[in-house]
Amino acid sequence: MSMKVYLPNGSELTLDDGATAFDAASAISRGLAQNALAAKVNDIVVDLNRPLSDGDTLAILTFDDAEGKSVFWHSSAHILAEAVQNLYPGTKITIGPSIEAGFYYDFDKETPFTPDDLAKIEAEIARIVSEKKPFVRSEMNRDEAEKQFAAQGETYKVELLNDIEGDPSFYSCGSWSDMCRGPHVPNTGVIKAVKLLSVAGAYWRGDVTKKMLQRIYGVSFPKKKDLEEYLHLLEEAKKRDHRKLGKELDLFSFHDEGLGFPFWHAKGSIIYNEVANYSRQEHFKRNYDEVRTPVILNEELWHRSGHWDKYQENMYFVSIDDKAHAIKPMNCPGGLLIFKNSPRSYRDLPIRNFEFGLVHRHEKSSAMHGLFRVRQFTQDDAHIFCTPEQIEPEINDVIDFIFSVYKTMGFNDFFIELSTRPDKFIGDLEVWDVAEKALQNVLDHKGIKYKLNPGDGAFYGPKIDFHIRDSLKRSWQCGTIQLDFSMPKRFDLEYADSDGTKKTPVMIHRALLGSMERFIGIMIEHYAGFMPLWMSPVQVKVMTISDKFNGFAEEVTKKLRASGIRAEMDYRSEKVGYKIRDAETHKVPYMAVVGEKEMEAGSVSVRLHKKGDLGVLTVDAFIALLNDQIINKKAYEE
RNA sequence: GCCCGGAUAGCUCAGGGGUAGAGCAUUUCAUUGGUAAUGAAAAGGUCGGCAGUUCAAAUCUGCUUCCGGGCUCCA
């Protein structure tokens with residue numbers, strides 16, 4: 001008897017009855033059979049040795065597939081756990097999933113792992129891999145499983161068992177086994193290269209009230225070369241770290257005198273101001289008005305807004321004339337007071353008030369991270385007050401606005417999350433439902449892919465967040481759009497509608513870049529410090545072949561600066577190669593080399609960083625070239 | 001807040017119970033050189049802070065501050 005299965009490319013494959021996914025892979029090609037890690041049958045990822053049925057759709061998963069990687073890393077975590085229990089008997093196992101890049105396993109062990117331990121564990125893993133032990137799936141009656149765990153002292157597994165419906169499945173490698181849904185790679189031998197990266201504490205089930213476990217992070221690959229490449233990539237990524245580049249390029253610093261409060265140096269301030277100027281222009285184009293609200297406001301306001309209830313621990317307080325005041329953690333209450341200051345008509349709506357709002361939040365010191373997580377930052381914030389009918393078009397426009405700004409900044413790779421009502425919220429349930437639906441509608445109508453994050457909304461409304469990854473692929477929230485029916489009510493905002501009745505406006509909180517600090521940090525990493533010309537702190541370095549041409553070089557520098565170009569001259573009596581190297585390492589985009597020929601012709605030799613000599617241009621032509629790129633905010637061609 | 005690791009010159013880092021090392025950067029002198037490092041010299045440090053052990057601590061121990069990697073948190 002034979003059966004047919006359907007492959008991803010639409011073709012069908014005829015197999016003997018009882019054939020497995022591995023048999024199918026072998027039938028397709030020997031290479032595929034060699035690289036096969038798992039299979040996807042009717043959209044479910046399963047073990048390769050699982051028998052197929054007639055009519056199944058089948059995809060063979062290799063390390064090139066995201067799901068293949070995930071199985072590979074999950075199996076690696078199993079081997080890690082076995083290695084740890086072999087070396088450190090009495091260590092309890094918990095969970096060990098695959099993650100975006102690699103895997104981890106959480107252990108309960110009396111003494112924490114040391115870096116030396118990691119090396120030993122790696123060696124034990126290599127031994128297990130060399131045994132090429134098959135992963136064998138089995139099922140066990142749950143009572144029996146519980147008995148076994150109790151006998152082994154695997155208390156965490158008992159707890160996990162309680163959350164499972166039906167009988168649990170197990171995967172064993174030789175004598176070692178772990179309760180697991182699977183699937184797994186065929187045998188330990190496929191995991192050729194494993195590197196344990198770090199140890200960290202992690203609460204059992206992510207709950208602070210529970211015990212802290214010892215987590216080991218690792219990564220693995222089917223080939224040694226892949227691991228080497230990955231580790232090299234990691235090293236390269238670390239060189240892009242904005243904290244490192246911020247120091248090297250003299251952009252910003254942090255000091256013990258004000259932990260978490262960034263100091264913007266001259267060069268960093270230029271980037272900051274260029275971004276802010278650009279933002280202002282774009283807001284102007286889109287009919288926003290810029291406002292400015294105070295940094296300190298009395299405490300009562302924060303009670304009214306609900307922030308005090310929820311975030312007082314993260315707020316700073318000061319006393320003025322014996323009255324309690326708070327330093328603003330958000331700009332919205334100030335924005336509400338501006339709206340409330342004048343009578344409003346439906347004809348005024350939507351009102352779009354934009355603000356570079358300087359906020360302070362007391363983040364835990366352990367949470368701080370360069371410019372990404374600070375205690376003082378500036379939001380490119382806006383509050384849109386509108387009628388219910390205007391919600392969807394306004395949100396639609398904001399999303400377009402964000403896309404446009406991110407594009408100019410050079411970001412195509414970001415992702416979107418829709419976060420819904422949290423446990424601690426204000427306002428009515430029905431209103432929340434309407435608000436969530438509105439956000440979802442806009443996203444759906446625009447055909448935007450997003451991840452749903454249930455329970456992660458702001459306390460006053462649901463939100464759409466825009467996340468961008470840093471050089472180490474950690475994601476950070478940047479843009480945000482939050483729909484709020486509660487604050488306007490709490491602050492008794494109203495407008496006169498066309499029928500003369502008073503109505504409460506809807507408020508949309510939104511930020512495009514989010515935090516200026518965070519976004520600039522992300523940009524520094526994105527560009528590896530090679531900022532686009534328009535925001536480069538130094539756009540041109542003028543340098544002479546010898547001191548004899550300093551006079552002319554000074555004229556050139558002056559002329560460039562008179563045209564608004566940030567040019568600096570390197571006066572040092574060094575060879576031009578030295579000055580070029582210096583400019584290159586400081587990531588200055590353009591170098592203007594001046595010698596005898598240039599002085600006679602009134603020209604400069606133009607050099608672009610990373611590219612090299614572009615030839616000779618007259619000073620005017622050079623200025624025109626620069627201005628074209630600056631005004632149009634052009635990116636460098638790669 | 002919790003777990004682990006770290007802190008030596010402006011930067012990157014080596015060293016290690018007996019008066020502190022390198023490279024780069026800085027300053028000075030010589031050199032005036034055509035697209036990623038000219039040569040020489042000088043200067044630069046309470047080895048994060050406090051206590052303890054010791055004849056002697058940058059080195060060992062404890063505490064503490066800050067930094068890094070995670071967990072938790074992130075309006």
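Chain identifiers are assigned alphabetically (A, B, ...) following the order of the sequence lines, protein sequences preceding nucleic acid strands; residue numbering begins at 1 within each chain. As the structure is a prediction and not an experimental result, all values here were calculated from the model.
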Notebook entry, point to check: If you draw the axis of the six-membered ring of A/Y578, does the NZ or CZ of A/R581 fall within 45° of it and under 6.0 Å from the ring centre?
Noted result: no
Notebook entry, point to check: Which part of the nucleic acid, if any, lies within reach of A/S366 when heavy atoms closer than 4.0 Å are counted: base, sugar-phosphate only, or nothing?
Noted result: base
Notebook entry, point to check: B/C11 C1' sits how many Å from A/H265 NE2, rounded?
Noted result: 14 Å
Item checked: Protein-nucleotide distance (A/Q477, atom CD; B/C73, atom C1'), rounded to Å -> 13 Å
Check: How long is the line joining CG of A/L472 and P of B/G68, in whole Å?
Finding: 13 Å
Next item on the list: For B/U28, give its Watson-Crick or G-U wobble partner with both distances under 3.5 Å, or none.
Entry: B/A40
Notebook entry, point to check: Is the base of B/C73 touched by the side chain of A/R361 through a donor-acceptor pair closer than 3.5 angstrom?
Noted result: no
Check: Roughly how far apart, to the nearest Å, are B/G52 and B/G70 at atom C1'?
Finding: 32 Å
Could you list all N or O pairs between the protein and nucleotides 61-65 of chain B that sit under 3.5 Å apart?
none

Note to self: Between B/U8 and B/G68, how far apart are the two P atoms, rounded to whole Å?
What the structure shows: 14 Å
Margin query: Can you classify the ring geometry of A/H383 versus A/F385 as parallel (below 30°), tilted (30 to 60°) or perpendicular (above 60°)?
Written below: tilted
Notebook entry, point to check: Do any pairs count as a salt bridge (Lys or Arg N to Asp or Glu O under 4.0 Å) and have a residue in residues 375-384 of chain A, sequence neighbours left out, and if so which ones?
Noted result: none
Check: Which parts of residues 203-218 of chain A get close to RNA chain B, meaning a heavy atom less than 4.0 angstrom away?
Finding: A/Y203, A/G206, A/V208, A/M212, A/Q214, A/R215, A/Y217
Notebook entry, point to check: Do the numbers put A/K109 on top of the ring of A/Y88, so that NZ or CZ is under 6.0 Å from the six-membered ring centre and no more than 45° off the axis?
Noted result: yes
Note to self: Looking at every non-hydrogen atom in both residues, tell me the closest pair between A/D547 and A/R572 and how far apart they are.
What the structure shows: OD1-O, 4.4 Å
Notebook entry, point to check: How far does the C1' atom of B/G18 sit from the matching atom of B/C60, given to the nearest Å?
Noted result: 15 Å
Check: Counting only side-chain N and O atoms of A/H369, is one of them less than 4.0 Å from OP1 or OP2 of B/C67?
Finding: no
Check: Expressed in whole Å, how much space separates the P atoms belonging to B/C11 and B/C67?
Finding: 15 Å
Notebook entry, point to check: Can you list every pair that meets side chain to side chain donor-acceptor pair (under 3.5 Å) and has a residue in residues 593-603 of chain A, with sequence neighbours left out?
Noted result: A/E598-A/S605
Next item on the list: Could you pull out all residues at least two apart from A/Y105 that satisfy ring-ring contact (aromatic ring centres under 6.0 Å, His included)?
Entry: A/F107
Notebook entry, point to check: If you measure from the C1' atom in B/G48 to the same atom in B/A57, how many Å do you get, rounded?
Noted result: 16 Å
Checklist line | Interface residues of residues 242-253 of chain A with RNA chain B (non-hydrogen, below 4.0 angstrom) | finding: A/R243, A/K247
Next item on the list: Could you encode protein contacts along nucleotides 33-39 of chain B as a string, one character per nucleotide from 5' to 3', using B for base contact, S for sugar-phosphate-only contact and - for no contact, with a heavy-atom cut-off of under 4.0 Å?
Entry: BBBBBB-
Under 3.5 Å, sequence neighbours excluded: what are the donor-acceptor pairs made by side chains of residues 550-557 of chain A?
residue: A/N550; atom: OD1; partner: A/T544; partner atom: OG1; Å: 3.3
residue: A/E554; atom: OE2; partner: A/Y571; partner atom: OH; Å: 3.3
residue: A/T557; atom: OG1; partner: A/A553; partner atom: O; Å: 2.7

Notebook entry, point to check: Given that both distances must come in under 3.5 Å, which nucleotide forms a Watson-Crick or G-U wobble pair with B/G18?
Noted result: B/C55
Notebook entry, point to check: Of A/C332 and A/P112, whose closest RNA chain B nucleotide lies nearer the 5' terminus?
Noted result: A/P112
Item checked: A/E363: partners by salt bridge (Lys or Arg N to Asp or Glu O under 4.0 Å), with sequence neighbours left out -> A/R373
Next item on the list: May I ask you to say what A/A202 touches in the nucleic acid, namely base, sugar-phosphate or nothing, with a heavy-atom cut-off under 4.0 Å?
Entry: sugar-phosphate
Margin query: Nearest whole Å is fine: how far is B/C74 C1' from A/M330 CE?
Written below: 12 Å
Next item on the list: Assign A/F113 to base, sugar-phosphate, or nothing according to its heavy-atom contacts below 4.0 angstrom with the strands shown.
Entry: nothing
Margin query: Check the orientation of A/H242 and A/H369. Use parallel for under 30°, tilted for 30 to 60°, and perpendicular for over 60°.
Written below: tilted
Next item on the list: Would you mind reading off the distance between A/E417 atom CD and B/C74 atom P, rounded to a whole angstrom?
Entry: 13 Å
Next item on the list: Find the partner of B/C73: check Watson-Crick (N1-N3 plus N6-O4 or O6-N4) and G-U wobble (N1-O2, O6-N3) distances, both under 3.5 Å, and reply none if neither fits.
Entry: none
Check: Do A/D570 and A/K541 meet the salt-bridge criterion of a basic N to acidic O distance under 4.0 Å?
Finding: no
Checklist line | Euclidean distance for C1', B/C50 against B/U65 (whole angstrom) | finding: 10 Å
Note to self: Can you check the distance between B/U12 and B/U64, where both ends of the measurement are the C1' atom (answer in whole Å)?
What the structure shows: 27 Å
Next item on the list: Evaluate the criterion side-chain hydrogen bond (donor to acceptor under 3.5 Å, both in side chains) for residue pair A/T209 and A/D207; output intermediate values, then yes/no.
Entry: CA-CA 5 Å; A/T209 63; A/D207 185 339; 2.8 Å; yes
Next item on the list: Could you let me know what B/G5 is paired to, Watson-Crick or G-U wobble, both distances under 3.5 Å, or none if it's on its own?
Entry: B/C67
Checklist line | side chain to side chain donor-acceptor pair (under 3.5 Å) partners of A/K120, counting only residues at least two apart | finding: none
Checklist line | B/C74 phosphate, OP1 or OP2, under 4.0 Å from A/K364 side-chain N/O | finding: no
Checklist line | Nearest-angstrom distance from the residue atom CD of A/E110 to P of B/C3 | finding: 14 Å
Check: Which comes earlier along RNA chain B counting from the 5' end, the contact point of A/M368 or that of A/F459, where each point is its nearest nucleotide?
Finding: A/M368
Note to self: For A/F491, is there any backbone N or O sitting under 3.5 Å from a side-chain donor or acceptor partner on A/K340?
What the structure shows: yes
Show the distances under 3.5 angstrom between N or O atoms of the protein and N or O atoms of nucleotides 45-50 of chain B.
none

Next item on the list: For B/A9 versus B/G5, give the span between their P atoms, rounded off to a whole number of Å.
Entry: 23 Å
Next item on the list: Assign the ring pair A/Y316 / A/H360 to parallel, tilted or perpendicular, where the plane angle (0 to 90°) is split at 30° and 60°.
Entry: perpendicular
Notebook entry, point to check: If we only count heavy atoms from C-beta on, is the A/W476 to A/R518 side-chain gap below 4.5 Å?
Noted result: yes
Notebook entry, point to check: Under the criterion salt bridge (Lys or Arg N to Asp or Glu O under 4.0 Å), which of A/K210, A/R215, A/K211 is the partner of A/D108?
Noted result: A/K211
Next item on the list: Examine B/G70: is either OP1 or OP2 under 4.0 Å from a nitrogen or oxygen in the side chain of A/R474? Give yes or no.
Entry: yes
Notebook entry, point to check: Within this structure, what is the NZ-to-P distance between A/K239 and B/C13, rounded to whole angstrom?
Noted result: 12 Å
Check: Who does B/G62 pair with, Watson-Crick or G-U, both distances under 3.5 Å?
Finding: B/C50
Item checked: Atom pair distance, as rounded to whole Å: CE in A/M315 and C1' in B/C74 -> 15 Å
Margin query: Between A/R607 and A/E584, does any side-chain N to carboxylate O distance fall below 4.0 Å?
Written below: yes
Checklist line | Pairs meeting criterion salt bridge (Lys or Arg N to Asp or Glu O under 4.0 Å) with involvement of residues 325-335 of chain A, two or more places apart | finding: A/K328-A/E355
